[in-house]
Amino acid sequence: MTNIALNLEILAAEAAANTRADYGSLDGEDDVKAIDWKAHSPLYEGRVKVYPKLVHGTYRRAKWLVMLVTLSIYYGTPWLRWDRGPSLPDQAVLLDFPNRRFYFFFIEIWPQEFYYITGLLILAALGLFLMTSVAGRVWCGYTCPQTVWTDLFIHVERFVEGDRAARIRLDNGPWTMSKVLRKVIKHSLWLVIAMLTGGAWVFYFADAPTLALQLLNFDAPYFALLFIGMLTLSTYALGGIAREQVCIYMCPWPRIQGAMFDEDSYLISYKTDRGETRAPHKKGASWEGRGDCIDCGQCVVACPMGIDIRNGMQMECIQCALCIDACDEIMDRVERPRGLIGYDTLHSQERRVAKLRPRLNLVRPRTIVYAVALVLVSTLMVYALATRELLQVSVLRDRNPLFVTLSDGSVRNGYTIKLINKEHVPHIFSVTVSGLAGTRIFSASHEDIVTVEVGPDSLKTLHVFVSLPRENLGALRSGEAVFDIVATVLENGERTVAATSFRGPEQ
């Protein structure tokens with residue numbers, strides 16, 4: 001406690017010294033009131049709305065294409081069909097929580113196989129690490145859902161209210177009937193898109209045609225409506241209202257990405273050695289003694305994050321490359337070479353300053369590590385899927401009581417057996433024992449032949465008893481012996497074995 005108090009006193013003294021250094025000595029209440037603390041050190045800076053301008057070029061077309069593909073996949077996937085046989089869902093991708101299954105085309109994941117989902121998450125992380133170390137936040141700039149839906153919402157806003165200059169005039173102008181009508185149309189279209197987004201996501205958790213019909217007939221389940229409403233509001237808020245603030249303040253990736261970059265990462269950069277010294281340029285004027293940048297600011301107004309790429313690498317940059325299109329268009333107008341803003345590496349910039357030829361180095365320690373890890377995990381996943389058992393048996397021995405001594409001196413144990421049939425056809429299993437001489441298995445109805453039918457893609461639980469005659473109790477050294485319970489498919493003789501133990505009195 002003494003050390004804590006001493007540290008607090010030191011911090012208080014330093015704060016007082018800093019205050020005196022900034023404002024001088026304060027000897028009265030009036031002096032304290034005269035200080036505008038908020039103006040000197042604001043705790044929060046209000047958002048400056050970003051009005052990105054529409055640009056045309058290679059990267060803008062690439063973003064249109066990626067948006068079309070990703071949205072088509074998202075909205076269309078729940079409607080794809082995949083025949084798995086009778087009594088099984090035919091939706092290609094389905095997260096069937098009531099039956100605890102995850103269907104992905106020909107792959108079916110059971111609850112006890114959740115490690116496959118873990119493997120997919122690891123693959124996604126490694127792929128993101130590799131992509132970032134090579135080309136920066138290209139995922140954020142093109143395929144991140146927040147980016148895709150924000151881009152779509154901005155396009156709707158641009159369609160209703162006009163491009164950048166028109167939107168600024170509209171927001172700064174008085175409220176007129178025209179302005180109200182445009183705002184209502186814009187937000188209505190946003191809500192429709194958000195509702196379709198939420199509805200499409202819910203379709204992944206239920207049969208899409210059935211749920212769609214229920215929604216049209218106003219008899220959809222309560223939880224479906226609840227989640228559609230939640231996802232509608234979140235999509236509307238994040239994609240339409242918050243926009244770039246999600247990427248800057250809510251997403252953790254901008255703060256992690258720095259660990260993935262190095263001097264050979266291929267990032268969107270402003271070529272300082274070529275662009276400086278920047279200044280306005282008049283047609284016909286000489287380019288001698290100055291850079292190619294005419295300080296037009298088109299790269300800034302095209303940026304959906306509202307940053308100036310000429311200030312160097314910044315946390316907010318999502319590598320969408322729209323500034324490249326904007327700058328290339330200006331370079332064409334002033335008849336200068338394209339590429340003043342483009343993909344580049346810090347190493348290449350240093351080499352150009354040193355009058356050396358730039359080079360791209362993709363194969364380096366960190367990319368090798370990520371690539372090797374990606375290949376290893378992918379190989380393990382493929383091997384696990386290829387060798388997974390479609391017929392499984394698990395055994396749980398009764399623990400209360402551990403064993404029962406019968407009137408003839410024999411000992412009996414009880415077991416709960418779970419037979420899993422992951423195939424899409426039914427099977428009849430015969431359950432027997434092996435590995436412990438003299439054992440006899442029988443069902444709860446005292447039938448010696450234990451057979452059970454397990455339907456396609458199903459699990460069956462049964463309770464059986466195993467007895468050991470008195471003359472064979474010598475096998476129970478230390479009161480326990482290991483044996484196998486065998487489940488055999490009667491149609492083809494395929495055997496599945498589960499090891500367990502038999503308990504009895506010590507011999």
Side-chain angles (χ1 to χ4, degrees), residues 64-111 113-114 116-117 120 143-153 155-156 159-160 184-241 420-426 454-460:
W64 288 131
L65 178 61
V66 172
M67 179 192 295
L68 177 63
V69 172
T70 53
L71 290 178
S72 299
I73 292 174
Y74 175 74
Y75 289 114
T77 297
W79 302 92
L80 298 178
R81 302 293 99 183
W82 189 270
D83 185 16
R84 298 183 178 90
S87 74
L88 292 175
D90 63 348
Q91 188 161 310
V93 179
L94 176 65
L95 285 78
D96 189 0
F97 281 171
N99 295 313
R100 293 175 292 180
R101 301 285 189 278
F102 171 40
Y103 299 99
F104 186 80
F105 294 93
F106 63 91
I107 300 174
E108 179 182 341
I109 305 298
W110 285 54
E113 297 175 326
F114 194 78
Y116 287 117
I117 306 299
L120 288 176
T143 53
C144 174
Q146 172 64 21
T147 299
V148 172
W149 266 279
T150 297
D151 204 12
L152 178 60
F153 277 40
H155 179 62
V156 170
F159 174 77
V160 176
V184 169
I185 293 175
K186 179 185 73 172
H187 287 277
S188 299
L189 291 175
W190 281 0
L191 284 172
V192 170
I193 295 172
M195 188 178 299
L196 292 175
T197 301
W201 181 244
V202 173
F203 287 157
Y204 284 88
F205 296 84
D207 183 66
T210 302
L211 181 57
L213 187 60
Q214 291 175 336
L215 290 171
L216 291 175
N217 294 331
F218 300 99
D219 60 352
Y222 168 75
F223 279 106
L225 297 176
L226 175 64
F227 279 96
I228 289 176
M230 292 172 56
L231 292 169
T232 297
L233 291 177
S234 61
T235 305
Y236 171 78
L238 299 181
I241 307 301
I420 302 175
N421 176 19
K422 297 181 182 179
E423 296 184 353
H424 297 160
V425 293
V454 184
D457 197 51
S458 301
L459 177 149
K460 181 77 87 175

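Predicted, not measured: the structure shown is a model, and the values here were computed from it.
By the 6.0 Å contact criterion, CZ on F227 is open, its count of non-hydrogen atoms from other residues, nucleotides or ligands being 12 or less. Within a 6.0 Å radius of CE in M195, no more than 12 heavy atoms belonging to other residues, nucleotides or ligands are found. For F105, the CZ atom is densely surrounded, since the number of other residues' heavy atoms within 6.0 Å is greater than 12. Within 6.0 Å of NZ on K460 lie no more than 12 heavy atoms contributed by other residues, nucleotides or ligands.
Between P111 and R101, the closest heavy-atom pair is CD-NH1, 4.4 Å. In this structure, I109 and I107 approach most closely via the heavy-atom pair CD1-CG2, 3.7 Å. Listed here is the closest heavy atom pair of A92 and R84: O-NH2, 3.1 Å. Considering every non-hydrogen atom in both L94 and P89, the closest pair reads CD2-CB, 3.7 Å.
Atom CH2 of W64 is separated from atom CG of L152 by 8.0 Å, given to the nearest 0.5 angstrom. Rounded to the nearest 0.5 angstrom, L211 CG and Y204 OH are separated by 13.5 Å. Taken from OG1 in T210 to CG in L215, the straight-line distance is 11.0 Å, to the nearest 0.5 Å. Atom CG of L88 is separated from atom CG of D96 by 10.0 Å, given to the nearest 0.5 angstrom. In this structure, the separation between OG1 on T150 and CZ on F153 is 8.0 Å, given to the nearest 0.5 Å. Here the NZ-CZ distance, from K186 to F159, works out to 14.0 Å after rounding to the nearest 0.5 Å.
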**Candidate pair I420 and W110, rule side-chain contact (heavy atoms from CB on, under 4.5 Å), full reasoning** = CA-CA 10 Å; I420 302 175; W110 285 54; 3.6 Å; yes
**Message:** Run the side-chain contact (heavy atoms from CB on, under 4.5 Å) test on Y236 and I241 for me, step by step, so that the C-alpha distance in whole Å, both residues' side-chain angles and the decisive distance to 0.1 Å come before the verdict.
**Reply:** CA-CA 7 Å; Y236 171 78; I241 307 301; 4.1 Å; yes
**Request:** Start with the C-alpha distance between T197 and W149, add both sets of side-chain angles, then the distance that settles side-chain hydrogen bond (donor to acceptor under 3.5 Å, both in side chains), and finish with yes or no.
**Result:** CA-CA 9 Å; T197 301; W149 266 279; 2.9 Å; yes
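At distances below 3.5 Å, not a single donor-acceptor pair connects side-chain atoms of D151 with backbone N or O atoms of H155. Using modelled atom types, one side-chain atom of T235 and one backbone atom of L231 make a donor-acceptor pair closer than 3.5 Å. For the pair T147 (side chain) and T143 (backbone), a donor-acceptor distance under 3.5 Å is absent. A donor-acceptor pair is defined here as one N or O able to donate and one able to accept, closer than 3.5 Å; such a pair exists between the side chain of Q91 and the backbone of A208.
Ring geometry, H187 versus W190: the interplanar angle exceeds 60°, so the pair is classed perpendicular (tilted spans 30 to 60°). Taking the six-membered ring where tryptophan is involved, the planes of F104 and F102 are tilted, since the angle between them lies from 30° to 60°. Using cut-offs of 30° and 60° on the angle between ring planes, the pair F106 and W82 is tilted.
Exactly one of I185, V192, V184 qualifies for a side-chain contact (heavy atoms from CB on, under 4.5 Å) with S188. That residue is V184.
Applying the salt bridge (charged side-chain N to carboxylate O under 4.0 Å, His left out) definition to pairs two or more places apart or across chains, those involving residues 71-83 are R81-D90, R81-D207.
If you look at F203 and W79, their ring centroids are closer than 6.0 Å.
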